[in-house]
Amino acid sequence: MGIQYQIKFAHQSELELDAAIRELPYFVDFDPPSRLYNLWLEPDRAIPGEMPDAWVAIDSDGIYCCLNRSAESYPIRDALVASAERFQTEVIVDEL
C-alpha cells in the first residue's frame, strides 16, 4: 500500500473540486463505481488496468489521496495541495 493523505480544506461545490482535479496535468480518468480519480506522473504512459501512480477521492472535508508509488508520487500530492489552496488558503495535510 502507498502513502495515504487527507488534504483538508473547505470547498463550496463538489463539481468545482471535480473540475480542479480533472485540470491537473496528472489526471487520466475517473472510475464512477469507485468514485476514484486516477492520476499518473506520465499520463501518456498510463496503462489501462494497471494501478495508477495515485488515486484521489473527494470527501466532505476535502480530498483523500493514496500515492501508490510512495515518494515518487510527491509531485502529484504537491499539485493536489496547490489545487486545494485555490479553494482555501489554509490547507491541512495529514498523512494517514
**Report entry** Set of ring pair (Phe, Tyr, Trp, His ring centres under 6.0 Å) partners for Tyr74, sequence neighbours left out
**Finding:** none

Requested in this report: Look at the side chain of Gln6 and the backbone N and O of Asp94, then say whether any donor-acceptor pair between them is shorter than 3.5 Å.
Outcome: no

Report task. Take atom CD of Glu16 as the centre, draw a 6.0 Å sphere, and report whether it contains more than 12 heavy atoms from other residues, nucleotides or ligands. Result -> yes

Report task. Answer whether the closest heavy-atom distance between the side chains of Ile7 and Val81 falls below 4.5 Å. Result -> yes

Query raised in the report: Between Asn38 and Asp29, is a side chain to side chain donor-acceptor pair (under 3.5 Å) present by the stated rule, with each step listed?
Result: CA-CA 5 Å; Asn38 296 308; Asp29 62 12; 2.7 Å; yes

Report task. May I have the step-by-step check of side-chain contact (heavy atoms from CB on, under 4.5 Å) for Tyr26 and Trp40, ending in yes or no? Result -> CA-CA 5 Å; Tyr26 308 110; Trp40 292 78; 5.9 Å; no

**Report entry** Salt bridge Arg22-Asp18, side-chain N to carboxylate O under 4.0 Å
**Finding:** yes

Query raised in the report: Do NZ/NE/NH1/NH2 and the carboxylate oxygens of Glu42 and Arg45 come within less than 4.0 Å?
Result: yes

Query raised in the report: Is there side-chain contact between Ile63 and His11, with heavy atoms separated by less than 4.5 Å?
Result: no

Report task. Using the ring of Tyr5 (Phe, Tyr or Trp, six-membered ring only), decide whether Arg77 places NZ or CZ under 6.0 Å from its centre and within 45 degrees of its axis. Result -> yes

Query raised in the report: Is a side-chain N or O of Ser73 found less than 3.5 angstrom from the main chain of Ala54, in a donor-acceptor match?
Result: no

Query raised in the report: Of all heavy-atom pairs between Pro43 and Pro25, which one has the smallest distance, and what is that distance?
Result: CG-O, 3.0 Å

Query raised in the report: Salt bridge or not for Asp61 and Lys8, using N-O below 4.0 Å?
Result: no

Query - Shortest non-hydrogen contact from Arg69 toward Met51 - result: NH2-O, 2.9 Å

Query raised in the report: Any chain of hydrophobic side-chain contacts (each under 4.5 Å) joining Leu17 to Phe27?
Result: yes

**Report entry** Ring center gap for Phe30 and Trp55 short of 6.0 angstrom
**Finding:** no

**Report entry** Check against side-chain contact (heavy atoms from CB on, under 4.5 Å), Ile76 and Leu41
**Finding:** CA-CA 7 Å; Ile76 293 174; Leu41 286 167; 3.8 Å; yes

Query raised in the report: Do Tyr64 and Leu96 have side-chain heavy atoms sitting under 4.5 Å apart?
Result: yes

Query raised in the report: Pro52 versus Val28: any side-chain heavy-atom pair under 4.5 Å?
Result: no

Report task. Kindly compute the distance separating CG (Asn68) from CD1 (Ile3), expressed to the nearest 0.5 Å. Result -> 10.0 Å

Query raised in the report: Rounded to the nearest 0.5 Å, how far does CG of Asp53 lie from SG of Cys66?
Result: 11.0 Å

Query raised in the report: Any side-chain heavy atom of Asp78 within less than 4.5 Å of one from Leu80?
Result: no

Query raised in the report: When you look at CD of Gln12, are more than 12 heavy atoms from neighbouring residues, nucleotides or ligands closer to it than 6.0 Å?
Result: no

Query raised in the report: Gly62 and Phe9: which non-hydrogen atoms are nearest, and at how many Å?
Result: CA-CE2, 3.7 Å

Query raised in the report: Are any of the side-chain heavy atoms of Ile58 and Tyr37 separated by less than 4.5 Å?
Result: yes

